[in-house]
Amino acid sequence: MKKFSQPHLLGIKNITASDIELVFETADNFKAIINRPIKKVPSLRDVTVANVFFENSTRTRISFELAQKRLSADVVNFSASSSSVSKGETLIDTVNNILAMKVEMVVMRHPAPGACVFLANHVQAQIINAGDGTHEHPTQALLDAYSIREKLGSVAGKKVVIVGDITHSRVALSNIYCLQKLGAQVMVCGPTTLIPKHIEKLGVKVEHDLMKALNWCDVANMLRIQLERQDIKYFPSLREYSMLYGLDKQRLDQLNKEIVIMHPGPINRGVEITSDVADSKHSIILDQVENGVATRMAVMYLLAGQKG
Ligand code: CP
């Protein structure tokens, strides 16, 4: 039986294309299962998972919890805002206290890049990164690539443009690693101030003209402007950003081909994407959310399987 190469999922950078394909094959099986009348399997029975969130989340947190419940795991949820972190407890102490209650797997979101690597080096549990600051969001990239594979048949050879706030986006970095490992071509598009210097060293194309990017791509992944991570002004106004980089029906109609529209959420409707595009037949935004459950089931199943 094929096995996942890593004991944790800390990022896409340190997993292989075979790992990603294994996640997809496993997710195919789980997707079939969760569309049956009886959606639960006993695969993670007797495994206890803690969802430890130091940052807000809607999709990732619900998706992981649902995935854990579908796998029959025992689940505990921890949110920093309602915990003793506000009384000064450190990350290690917090997690070690949770582990003392016999938790085997920790799904963590944290604002500090590298927090999950730090945790994996200091605690005895399997760690899954649910987003660490501006660094990586590996399960988002896996579900994004899985959704492209589902829609277009494969990821290899496809052209994917990631549009928007690349500088502050963990989704962008994980997507770049994941798509390239699977043989896709990746472009980033946005204002100069929101594209990291030297990003082309990662092997991506850089484009500042949205129409040129849209004409090039098969798939456009539209990102939110991460105002919560911006300590200075990177562009004059959201209105100007939207005029230059927002995806609307007029721009789509100017293309002489159909493209697939993605967004990791949360969407700022009317800024990076208009409602008519987000809700159009070209959009696979809700498919991404649906695929998040099967993909996360696959990741946890494969990690837990390493202990057997
Ligand atoms: N895509 C994503 O990570 O969404 P949440 O912040 O709601 O989890």
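This structure is a prediction, so every number in the text was calculated from the model and none was measured. When a ligand or atom number is given, it counts from 1 through the structure's own listing order. Quick note: residue numbers are just sequence positions, from 1.
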J.: Within ligand 1, which atoms have a heavy atom of Thr60 less than 4.0 Å away?
T.: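 The list of qualifying atoms is 2 (C), 3 (O), 4 (O), 5 (P), 8 (O).
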J.: Checking a contact table here: which protein heavy atom is nearest atom 4 (O) of ligand 1, and how many Å away?
T.: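 The closest heavy atom on the protein side is Arg59 NE, 3.1 Å.
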J.: When you measure from the centre of the six-membered ring of Phe53, is the NZ or CZ of Arg109 closer than 6.0 Å and no more than 45° off the axis?
T.: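 No, cation not above the ring by the 6.0 Å, 45° rule.
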J.: Does at least one non-hydrogen atom of Gly265 fall below 4.0 angstrom from an atom of ligand 1?
T.: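 For ligand 1, residue contact (heavy atoms, under 4.0 Å) with Gly265 is present.
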J.: Can you find an N/O atom of Ser57 closer than 3.5 Å to an N/O atom of ligand 1?
T.: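 Min N/O separation from ligand 1 is below 3.5 Å for Ser57.
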J.: As an exercise, identify every atom of ligand 1 less than 4.0 angstrom from a heavy atom of Thr58.
T.: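 Those of ligand 1 that fall under 4.0 Å from Thr58 are 5 (P), 7 (O), 8 (O).
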J.: I'd like to know whether the aromatic ring centres of Tyr245 and Phe235 sit less than 6.0 Å apart in this structure.
T.: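 No.
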J.: Using 30° and 60° as the class boundaries, would you call the ring planes of Phe54 and Phe78 parallel, tilted or perpendicular?
T.: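 The arrangement is tilted - the two ring planes meet at 30° to 60°.
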J.: For the CZ atom on Arg269, are there more than 12 heavy atoms of other groups (residues, nucleotides or ligands in this structure) within a distance under 6.0 Å?
T.: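 Enclosed.
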J.: Below 3.5 angstrom, do we get any N/O pair linking Pro266 and ligand 1?
T.: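 No, there is no polar N/O contact under 3.5 Å.
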J.: Arg170: what forms a salt bridge (charged side-chain N to carboxylate O under 4.0 Å, His left out) with it, not counting sequence neighbours?
T.: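 Counting only residues at least two positions away or on another chain, Arg170 forms a salt bridge (charged side-chain N to carboxylate O under 4.0 Å, His left out) with Glu55.
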J.: Taking 4.0 angstrom as the limit and counting only heavy atoms of Gln140, give me the atoms of ligand 1 inside it, by number and element.
T.: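 Close to Gln140: 1 (N), 2 (C).
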J.: Could you tell me whether Lys2 and Glu21 have a side-chain N and a carboxylate O separated by less than 4.0 Å?
T.: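 Salt bridge between Lys2 and Glu21, a charged N being under 4.0 Å from a carboxylate O: no.
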J.: Return the residue, atom name and 0.1 Å-rounded distance of the protein heavy atom closest to atom 1 (N) of ligand 1.
T.: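 Protein heavy atom with the smallest distance to atom 1 (N) of ligand 1: Pro264 O, 2.8 Å.
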J.: Given side-chain hydrogen bond (donor to acceptor under 3.5 Å, both in side chains), test Ser147 with Asp287 step by step and report yes or no.
T.: CA-CA 7 Å; Ser147 301; Asp287 300 297; over 6 Å; no
J.: Determine whether any heavy atom of Arg109 lies closer than 4.0 Å to an atom of ligand 1.
T.: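 Yes; Arg109 lies near enough to ligand 1 that a heavy-atom distance drops under 4.0 Å.
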